[in-house]
Amino acid sequence: MHPFRTHNCGELRKDHAGSRVRLSGWVFRKRDHGHLLFFDVRDHYGLTQIVLQPDRDFFEDGRRLRMESVITVTGQLVLRSPDTVNPEMPTGEVELVAEELIFESVSEPLPLAVDSDVDGPEDTRLRYRYLDLRRSRLHSNIVLRSKVIASIRRRMTEHGFMEFQTPILTSSSPEGARDYLVPSRIHPGMFYALPQAPQQFKQLLMVAGFDRYFQIAPCFRDEDARADRSPGEFYQLDLEMSFATQDDVFAVVEDVFSGVFSKFARQPFNRPPFPRLPYALSMERYGTDKPDLRVPIEMRNVTEQFRNSGFKIFSAAIDGGAVVRALPGPGAAAQPRSFFDKLVAHAQDLGSKGLAYLVWANGNVKGPLTKFLSVDQIAGLSQQCGVGEGDALFFLCDRAEDVNRIGADLRLRLGQSLGVMEQDAYRFCWIVDFPMFEKDPETGAIGFSHNPFSMPQGGLQALQEQAPMDVLAYQYDIVCNGLLLAGEKNIREVITFPMNQKAQDLMMGAPCEVSQQQLRELHIKPDLPPAKPTA
RNA sequence: GGGGGAGUAGCUCAAUCGGUUAGAGUCCCAGACUGUCGAUCUGGUUGUUGCGGGUUCGAGUCCCGUCUCUCCCGCCA
């Protein structure tokens, strides 16, 4: 008999009854009746009930055993009597009557409850990640991620892509995020950088003639964390194709994503082809290059309607370079006055000077703006923005970048509070035609807006002949529910060993100090900031 | 770097307007129990209310400082 197991904890059924079996796993739950003891023993595959009878010499030790101890149990697999079958468990028709019990590893009281849906404190979860990962929700997330990645690999291979590893130790590039640096021992004072993305390598693979490359690529960026962004390192699906148009790339990605989502996602999603949104249009309608299309609200540019209107606040601002954007509130007329007051206050919190609005209710149009607009103008706004009886229309007037930022926020807020946001769905789209350059709002300097390694539309000629701000790039993002899919997603739930918000690995103790000897070899002398006074 | 929120038992949380000995569940410890499956029942331990200072007859509660966590902005080609 195998020293650890003849079966796993999830596979025994009534057909196995009568055979002598051996299982190994963790004690998940314990039910102690004093003269009868039940364990549920758990492994990756499932749970099986173990019965300990009081005449066994290991019975008393078994009673004292804590949860999460690791055991190997051998005995007869028996059918449960009909009244004791547990229909909730796949193995609930049988149980293992223990004849031998080996304590592989006896557990101390644990800092985390494995048998719980309640998350403990973040730092405890990260410090004892190997315990956190035993919890079923997290365990199944990690398994799902592994299956998704395997599915992506298979689909990419079927599309004729080959997977190549690219270097981890490379050179620092001036663009983009802050680099992680690795000091060179052989070259004093010089550093490697960890790649922020394998961008240049993949293009060189095309230059070398491999035609289609992909990689589940490690990327390293030394930037601060966000709730939806793990600091330090993450993986992304990276691909490159030779002699391909933008549409060729979209076709591959759409096929891979829709295939993976059909297989693994429970929620519905829009089928390919995914909508293509030019960057400029996305900014105008959604205020962002990462629109959440589950919210069926679109802004419209109504600057011209207010340029010579009697509403001096707007027309004066427009003369000063401001734009006016209208944001529909479908069904908002039914909301109480406090709804509008709160929305105005929120807009002001975001930095808006105000938030004017019109409300179509009971055949009339109400709101502070009505006296500045003619009946025809109001009808024109209603038609342009697709609003009518029962709806409201909000107006933002500010510099374009502020209108975008505030409008994007209000759009999502309206979608949720008015109940028009699609629930439990994935909405994909492409954002295309990114500008090649942008102006730094502080300094006015022109720099690459997104990715310096993309091709300008119109080629080198465009770079020479067009105004820099007018040059578009063959540069695109795929966006789902307002999240950029190129990047990482929802971290601590799908990454096996994540770092905390301060980019520390509490379990391994990284980053950590190193010995003087190591520093000497690397020709490094720390120049530390003054220590904070300790309390 | 800037702003908001939070911090009470190992864990999840409660504690009225500032009021007397800071509670409950869980975990842990001891005991009872032969069919449970989140076993049940009885009893018990567990606290610098993050830390320091202040106001007050009296502070978990109010004020100031500080630390930690968290969210947002900056940053993220």
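Chain letters run A, B, ... following the sequence lines, proteins first, then strands; residues in each count from 1. Because only heavy atoms are used, hydrogens play no part in the values below, and waters and symmetry mates are left out as well, while side chains stay in.
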Could you give the [atom1]-to-[atom2] distance, from [X] to [N], as a whole number of Å?
X        : N      : atom1 : atom2 : result
Ile50(A) : U36(B) : CD1   : C1'   : 14 Å
Leu37(A) : A32(B) : CG    : C1'   : 15 Å
Gln53(A) : U34(B) : CD    : C1'   : 8 Å

Rounded [atom1] spacing from [N] to [M] in Å:
N      : M      : atom1 : value
A32(B) : C69(B) : P     : 46 Å
U42(B) : U26(B) : P     : 11 Å
G60(B) : G52(B) : P     : 13 Å
C71(B) : G53(B) : C1'   : 29 Å
U12(B) : C64(B) : P     : 28 Å
G25(B) : U49(B) : P     : 22 Å

For this session: Kindly state whether the ring of Tyr279(A) and the ring of Phe434(A) have centres lying under 6.0 angstrom apart.
Result: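 Judged by ring-centre distance (under 6.0 Å), Tyr279(A) and Phe434(A) do meet the cut-off.
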
Exercise. Does any donor-acceptor pair link the side chain of Asp224(A) with the base of G74(B) at a separation under 3.5 Å?
Worked result: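 Indeed there is one.
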
For this session: Going by the side-chain hydrogen bond (donor to acceptor under 3.5 Å, both in side chains) test, name the single residue among Arg5(A), Arg22(A), Glu99(A) that passes it with Thr74(A).
Result: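 Single pass found, and it is Arg22(A).
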
Show me the protein contacts with nucleotides 38-42 of chain B, counting only N or O atoms at under 3.5 Å.
from, atom 1, to, atom 2, distance (Å)
A39(B), N7, Asp32(A), O, 3.1
A39(B), N6, Asp32(A), O, 2.6

Problem set entry | For RNA chain B, the dot-bracket pattern of Watson-Crick and G-U pairs whose distances stay under 3.5 Å, | for other-strand partners | (((((((..((((.....[...)))).(((((.......))))).....(((((..]....))))))))))))....

